[in-house]
Structures are given as C-alpha cells and as structure tokens.
Amino acid sequence: MFAIFVVTCLVAFAGYRLRSLTRSGAVLTVVTGTVIGYGFGWFGLYLLGVFFSTSSLASKYRARDKAPVDEIVEKSGPRDLVQVLANGGVGMVTALGMILAPNDAWLFAYVASIAAATSDTWGSEFGVLAKQKPRSIRTFREVEPGTSGGVSVFGTVMSIVGATVIILALLPFIEIDVTFALVLIALGLSGSVVDTLLGATVQRKYRCRVCGKLTEKKMHHREPATYVSGWRFLGNDAVNFLSIAAAATISFLLLR
C-alpha cells in the first residue's frame, strides 16, 4: 500500500512538472491513484497510468492547431481537481466497491470507466483535427470543431481506437476472448456516445456578446457570455462524470 502511494505521488509530481496537471489536480491524482491501487492493486494503477499518459499525449498532439477550440471548450490546459474527479471519480467508486464487496463485476466496471474516459478524450482531442467540420448529433447541422454534441467520422474512429487501446492493455494481465474484448470496447464507446448526447441536449451553452460564438465559457473576451441553452448546473466536467458513470453502470449490471 505504501509503495502504491509513493508511486502515485511520483506520477502526480511528474504530471504537475510536465504541466499536464495543476497543483490541485496533482493532489487529487494521488488520492485517486491510491484508492484505485488499494482496490485493484498494481493492475488498477497501471490501467490508470495508460489512460493518463495516452490522454496527455493526445492533448498535446498538434496543440497549436487546436488553439481555436480553446475559445469554445470550458477548460483547456492542465487538468485541475474537478477534471481529475470527473475522469477518475467513477474509478474510485468501483475500487471502493471492490474493497467492500469483492466481485469481478467491479473490476470490469472499472475497466469500462477507463475505456470510456479514454474513448471520449481521444475522440475530442483528435476529432477537432478532422478535415471536415463535425455535425451536431441532434440536428445533423455543421458545428464548429470542439462544440459539445458534435460528431465526425474521424472523431468516432479515434474514440473506438481509444477504447481499444485500454482493452489491449488488459491482455498481459487478464485473459479474455475476442467476443468479450469487443463487448468491453463497446462499453467504453458507450460512454463517449452518452457524453455526446448530453453535450448536444442538456449541457449548458453560452454565446459571446463580443464575437457571437457559441461557447462553454461563462466569460469570453473578458465579458460575461449570454446563457443560451442547457441546464445551468451541467458543465463539461459533470457531463464527463455522468458519461463515464453510465458506461461503468451498464458494465456492472451486465457482468455482476
């Protein structure tokens, strides 16, 4: 247990130094990693590391080309405490479930949560680089890259690849057949789909009073943006948490 705590501290410190995490994000990463490590052992920590490392690389890939997207998305740059909780909070819950009531269903719910988080991150980070503009999953009209609820062929493919990377990472540790692997990939992708649906329907959106752009930011061009639609309390972090929770819950109910 102490070794897991030490390793988690080192990883969080490295993430902070590499500007992948804020100070608060690093602190919660230690908490998240320690709880998950206690519930699932080194395997749990390893899988969390695969998500964190690949997602950080995806975020930094062609960062300059993603600059216009920063005007739309609620947050950009290093992950803060709330973002770490949004992506790892469900994993902590499954780890606590494993500790209190051991069952392999908790393990695969954890796997589904990490696959969902990775699928959504990869779809978002690579999807904004697609040559063609995404379309709203609700209206099928073209929207600006980075708009919540927008989908593209390239982004969807990368969502599938992200979930697949996590399931492939299982193979050295857990023996699963092809059918079960495909089920786990589908569960991971389901989280990304839920995220897109929530983003298109109930996630809060604003419009900038200066440039007229639709955005997730409450402040744009240093001016308060005008509320347009969605539930006022439901931001991007909450949507991420709910979508990951949905994938984990479906997995647990199917496999318990």
Roughly how far apart are [X] [atom1] and [Y] [atom2], rounded to 0.5 Å?
X	Y	atom1	atom2	answer
F40	I99	CZ	CD1	8.0 Å
M158	L129	CE	CG	9.5 Å
L184	I174	CG	CD1	9.0 Å
C208	K217	SG	NZ	11.0 Å
D80	L28	CG	CG	9.5 Å
D195	L189	CG	CG	11.5 Å

Please give me the minimum heavy-atom distance between [X] and [Y], naming the atom from each residue.
X	Y	result
A12	L21	O-CD1, 3.8 Å
S159	G123	OG-CA, 3.2 Å
G150	P134	C-CB, 4.1 Å
V69	G146	CG1-CA, 3.7 Å
A117	N87	CB-OD1, 3.9 Å
V90	A248	CG1-CB, 3.6 Å

Is [X] reaching over with its side chain to a backbone N or O of [Y], donor-acceptor style, under 3.5 angstrom?
X	Y	value
S24	L81	yes
T8	I4	yes
H220	E71	yes
K205	G199	yes
S113	Y110	yes
S124	T121	no

Check whether any side-chain heavy atom of [X] sits under 4.5 Å from a side-chain heavy atom of [Y], and report yes or no.
X	Y	value
I72	L214	no
V111	I167	yes
I137	L197	yes
M92	V31	yes
W122	V165	yes
Q132	S152	no
Y38	T34	no
S55	E125	no

Quiz item: Salt bridge check: are K133 and E144 linked by an N-O gap of less than 4.0 Å?
Solution: yes
Quiz item: Quick one: are the ring centres of F180 and F108 less than 6.0 Å apart?
Solution: yes
Would a single hydrophobic cluster contain both [Y] and [X], if residues Ile, Leu, Val, Met, Phe, Trp and Tyr are joined by side-chain heavy-atom contacts under 4.5 Å?
X	Y	answer
F5	L96	no
V30	V7	no
V6	V11	no
V239	V82	no
V93	L254	no

Which atom pairs, one a donor and one an acceptor, fall under 3.5 Å between side chains of residues 226-237 and the rest of the protein, sequence neighbours left out?
unit_1 : atom_1 : unit_2 : atom_2 : d
T226   : OG1    : R209   : NE     : 3.1
Y227   : OH     : G230   : O      : 2.2
D237   : OD2    : K75    : NZ     : 2.7

Quiz item: Near F13 CZ, under 6.0 Å, is it more than 12 heavy atoms from other residues, nucleotides or ligands?
Solution: no
Taking distance alone, no hydrogens or angles, what donor-acceptor pairs closer than 3.5 Å link side-chain atoms of residues 43-53 to residues at least two apart or in another chain?
unit_1 : atom_1 : unit_2 : atom_2 : d
Y46    : OH     : A169   : O      : 3.0
S53    : OG     : G49    : O      : 2.8
S53    : OG     : V50    : O      : 3.2

Self-check item: Qualifying residue, where the test is side chain to side chain contact (heavy atoms under 4.5 Å, CB included) with S243 and the options are V193, V194, T196
Solution: V194
Practice problem: Can you sort out the partners of F252 under ring-ring contact (aromatic ring centres under 6.0 Å, His included), two or more places apart, ordered by chain and number? | Solution: W106
Exercise. Take S20 and K60 through the side-chain contact (heavy atoms from CB on, under 4.5 Å) test and state the conclusion after the steps.
Key: CA-CA 9 Å; S20 294; K60 293 181 182 299; 3.5 Å; yes
